[in-house]
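We use all heavy atoms of the structure for the numbers below, so side chains are in, but hydrogens, waters and symmetry mates are not. These numbers come from a predicted model, not from an experiment.
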Amino acid sequence: MNFLYPSFLFGLLAVSVPIAIHLFNFRRTRRVFFTNVALLRTVQTETKSFRRLKHWLILAARCLFLACLVLAFAQPFIPSKNQLGLSRQGVTSLYIDNSYSMQNERNEKRYLDIAIGRLDELLTLFRNATSLQLLTNDFSAAEQQAGSAEAIRDRVTSVRFAHTPRSLETVYRRQRNLLSSLNPAGRNQLFWFSDFQKSTVGDLTRLKLDTTDRLFIVPLDAQPTRNVYVDSVWLSTPFIREMQNNSLNVKLTNGGRENVKNLPVRLYLDDTQTSTASAVLPPGGSATVSLNFNVTTKGYHRGRIVFEDFPITFDNQYFFVIEASPAVRVLHLFEQKSPKDYVDAVYSDDSLFVRRSFSALNFDVGQLRETDLVVLEGVSQVSGTLRSELERFVKQGGSLAVIPPATPDASTYGPFLSSLGVNGVSTLPAEQASRPVADPDRRNPFFQDVFQQSYQSEPLNMPSAAPVWRWSAGERLLTLRDGSPMLTQTRSGQGSVYVLGTPLAADYGNLAEHALFVPIMYKMAALSVRSQRTAYSFDENLLAVPISNPAERAVYKLKRDKLEIIPIQRVVGNQLLLEMPKSNELATGQEVEAGYYELQNSAGKTERLLAFNHGNAESAMDFYSADELRRVFASQPNVEVFDSIQDGDFVQVLEQENLGKSLWKYFLLAALGFLLLEVGLVRFMKG
């Protein structure tokens, strides 16, 4: 038999008090003379013997009462056969996984509520402990201090779902910080209550525990029920225009093991339902649905994808933002401009385009930051600052259309275009005869929506052109009938380079005056618009948000209703890089929710409207079982995995297996029994 608090055994010295009272109770007797002495002697003998027995019994009852009472306070127990054991001494750290996957249910009760209930029962084993820690995914400052069982019980009632999932390696490192400061050399113990979702717990094989720590893993035996979530949302076209039919693609994934049939998916724009579709998803599979819509105004529109799916509900909505008719910014740089200025004529007839024209020899290179497409026309040499800035512009996602001069300088154009992925540039002899252009491949995505459906199979009246150079790289959009390239597209970095084989002057063909020229230039401009990022995730470590005219010392903030967040940020070019805060980095009372956030600058002006969603790692219904956890930690003897959190006697089983048989209740009952025995002896034993 062992004692939980052996220091209380010093209280056994109190047994000496009734013994001392009994031994030193020498009351003097008074003589009384009677006539019949023989009769008196007989009565005295019988009374003295009976009284002596009564006093010894009372002394024994008092001593046993005090001894049992002291032993009850020392909390004796029979040690368990489990060598790992459980101790109420040292520091006990309790971790509850409050991630969104804990919304899952068993018998109409959420996993988080089950875990909280079991933890509350567990606290009964540590009712007198003062070194208890409660840790959640919040990682708040209050969780980095020890407290009593009552303090932990008060805090556990306020545990809510957290948007930041934590790997178990991070959790253990957080617990270890407190253990090392409070009891670095002692025996400490940790409890983990979690569904142990494989997508968020991290690589458990890398998790090595300190040998002085004992870890008790309490899985919730989570079942892979059905759960559908939105994987991604994208537009069918780079941008959308008002009063036109547009298409939105939604990829759905079934993270569970149950088949999902005819799931209604609804599209809301500006809180108005505009389209609906139905999806069928096999277990663990995906499906893509297309939703048609149109908008009547320019600017930002708030969108939502909504469906009904239980019991996991945090991912039943997906928020996104689309911008209708964003301005396409075209910068026309020229040296030998065509006489009729065909480029400006194309882009000046549509309000969708913001056009600016400058001489390539005299313009502010800073304007490239506010440009989507650069049309370089008739520039004989590309070198120096112009070359380096254009290369940087393309690498960062801009589009460049190169229209050659009458006599291009191959010595400068060759290295310039080669750096952008266009190789083999060489000039052709002057005064080349115009040759007809071959029919384009109408299946090429570049020519989508250029030709009417009724003319798909009819031959076209194509223009003629006289090329001034040739090259050997890029996707050929237009060619001459002899196979020579006339217009190519080459991906370079994040941008694109379009190379035309002929100047636009009438001496080099009629391409600029042909009906095909306008849609080609439109397509270049339309494809130069960066694909809209419709939504962001809180789980992303670094967000890149495009902004216009960023100030050097501007401070941007995210605002949603009364919530204002100033993330860690820096500006690189025309990109604002944001580091979204985790749960423990938010102010007291702050909580981020999925929805729409305004990106505001220092002056309070809204730069952009952004949509944020929670990450979909929590949506994957794949969990570690108790047997899998045992195999993972098989090489670490100080780790024990339980199965019985679903049982009603979880704490009793835990106590018997790890604390042994507790005897303090029996000694307390015995102390009360001996106290009653003493009262009975005094009351009813007359003599």
Side-chain angles (χ1 to χ4, degrees), residues 100-101 103-105 161 163 225-325 531-539 560-561 592-598 608-621:
Y100 281 115
S101 65
Q103 287 182 349
N104 211 338
E105 294 182 357
F161 291 105
H163 79 280
T225 58
R226 59 177 281 173
N227 183 48
V228 178
Y229 61 92
V230 175
D231 182 88
S232 55
V233 169
W234 70 96
L235 294 167
S236 298
T237 55
F239 63 92
I240 61 175
R241 302 194 68 172
E242 73 277 12
M243 306 306 295
Q244 291 186 2
N245 291 329
N246 303 281
S247 179
L248 183 77
N249 300 300
V250 181
K251 182 180 180 181
L252 300 168
T253 300
N254 182 6
R257 302 289 177 85
E258 298 179 9
N259 192 29
V260 178
K261 296 182 179 180
N262 300 324
L263 177 70
V265 181
R266 301 189 299 274
L267 168 63
Y268 287 83
L269 281 178
D270 300 323
D271 295 326
T272 301
Q273 182 175 337
T274 60
S275 184
T276 184
S278 179
V280 176
L281 299 103
S286 301
T288 300
V289 297
S290 295
L291 298 165
N292 297 321
F293 68 95
N294 61 63
V295 293
T296 58
T297 58
K298 295 182 179 182
Y300 292 106
H301 295 271
R302 306 180 181 214
R304 282 186 298 145
I305 302 297
V306 181
F307 51 86
E308 300 295 333
D309 179 51
F310 296 97
I312 306 296
T313 59
F314 80 94
D315 52 8
N316 285 3
Q317 287 193 101
Y318 187 89
F319 298 89
F320 64 93
V321 173
I322 56 176
E323 184 181 4
S325 298
S531 298
Q532 293 189 27
R533 180 76 183 271
T534 57
Y536 297 85
S537 172
F538 289 119
D539 292 350
R560 183 175 188 266
D561 298 330
V592 294
E593 297 179 355
Y596 310 105
Y597 290 76
E598 295 180 1
R608 299 183 67 88
L609 182 65
L610 306 177
F612 283 88
N613 298 281
H614 298 293
N616 55 26
E618 291 281 339
S619 302
M621 298 290 100

**OP:** First locate atom CD1 of I240, then atom CD1 of I322, and finally report the distance between them rounded to the nearest 0.5 Å.
**Re:** 3.5 Å

Subject >> Steps toward side chain to side chain contact (heavy atoms under 4.5 Å, CB included) verdict (F320, L267) >> reply: CA-CA 11 Å; F320 64 93; L267 168 63; 3.5 Å; yes

Original post:
Which atoms form the tightest heavy-atom contact between A535 and N613, and what is the distance?
Top reply: CB-ND2, 3.6 Å

Residues 281-296 side chain polar contacts: donor-acceptor under 3.5 Å, at least two apart:
residue: S286; atom: OG; partner: T253; partner atom: OG1; Å: 3.1
residue: S290; atom: OG; partner: N249; partner atom: OD1; Å: 2.9

Subject >> Point-to-point distance, once rounded to the nearest 0.5 Å, from CG of L610 to OG1 of T534 >> reply: 11.0 Å

Original post:
Say you draw a straight line from CZ of F161 to CD of Q103; how long is it, rounded to the nearest 0.5 Å?
Top reply: 5.0 Å

Original post:
Sequence neighbours excluded, which residues qualify as ring pair (Phe, Tyr, Trp, His ring centres under 6.0 Å) partners of Y596?
Top reply: F319

Original post:
Hey, what do you get for OH (Y268) to CD1 (I305), rounding to the nearest 0.5 Å?
Top reply: 10.5 Å

Subject >> For E308 against L263, the heavy-atom pair lying closest together >> reply: O-CD1, 3.5 Å

**OP:** Report the distance from atom CG of L609 to atom OH of Y597, rounding to the nearest 0.5 Å.
**Re:** 12.0 Å

Original post:
Taking only residues two or more places apart in sequence, or in another chain, which ones meet Y318 in a ring pair (Phe, Tyr, Trp, His ring centres under 6.0 Å)?
Top reply: none

Original post:
Under the side-chain hydrogen bond (donor to acceptor under 3.5 Å, both in side chains) test, which residues partner R304, sequence neighbours left out?
Top reply: Q317

Original post:
Between S247 and S236, is there a donor-acceptor pair closer than 3.5 Å when you use the side chain of the first and the backbone of the second?
Top reply: no

Original post:
Between NE2 of H301 and CD of E242, what distance do you get to the nearest 0.5 Å?
Top reply: 8.0 Å

**OP:** Specify the closest pair of heavy atoms between L235 and L248, including all atoms of both residues, with the distance to one decimal.
**Re:** CD2-CD1, 3.7 Å

**OP:** Compare all side-chain heavy atoms of V265 with those of T276 and state whether any distance is below 4.5 angstrom.
**Re:** no

**OP:** Please identify each residue that fulfils side-chain contact (heavy atoms from CB on, under 4.5 Å) with P311, with sequence neighbours left out.
**Re:** N104, E105, T225

**OP:** List for me each residue that meets salt bridge (Lys or Arg N to Asp or Glu O under 4.0 Å) alongside E593, sequence neighbours excluded, and say none if there are none.
**Re:** R560

Original post:
Got Y229 and I312 here, is their nearest side-chain heavy-atom distance under 4.5 Å?
Top reply: no

Original post:
Does R241 have any side-chain contact (heavy atoms from CB on, under 4.5 Å) partners at least two apart in sequence or in another chain, and if so, which?
Top reply: F239, Q244, S325, D350, L352

Original post:
Heavy atoms, side chains only, cut-off 4.5 Å: are D231 and N616 in contact?
Top reply: yes

Subject >> Under the salt bridge (Lys or Arg N to Asp or Glu O under 4.0 Å) test, residues paired with R302 that sit two or more places apart >> reply: none

**OP:** Apply salt bridge (Lys or Arg N to Asp or Glu O under 4.0 Å) to D309 and list each qualifying residue two or more places apart in sequence or on a separate chain.
**Re:** R226

**OP:** Identify, with sequence neighbours excluded, every residue that meets side-chain hydrogen bond (donor to acceptor under 3.5 Å, both in side chains) alongside E323.
**Re:** none

Original post:
Does S101 offer a backbone N or O that forms a donor-acceptor pair with the side chain of E618 under 3.5 Å?
Top reply: yes

**OP:** For residues 279-292, pull every pair meeting salt bridge (charged side-chain N to carboxylate O under 4.0 Å, His left out), keeping only residues two or more places apart or in separate chains.
**Re:** none

Original post:
Can you find a side-chain donor-acceptor pair between D315 and N227 that sits under 3.5 Å?
Top reply: yes

Subject >> Partner set under side-chain hydrogen bond (donor to acceptor under 3.5 Å, both in side chains) for Y100, not counting sequence neighbours >> reply: H614

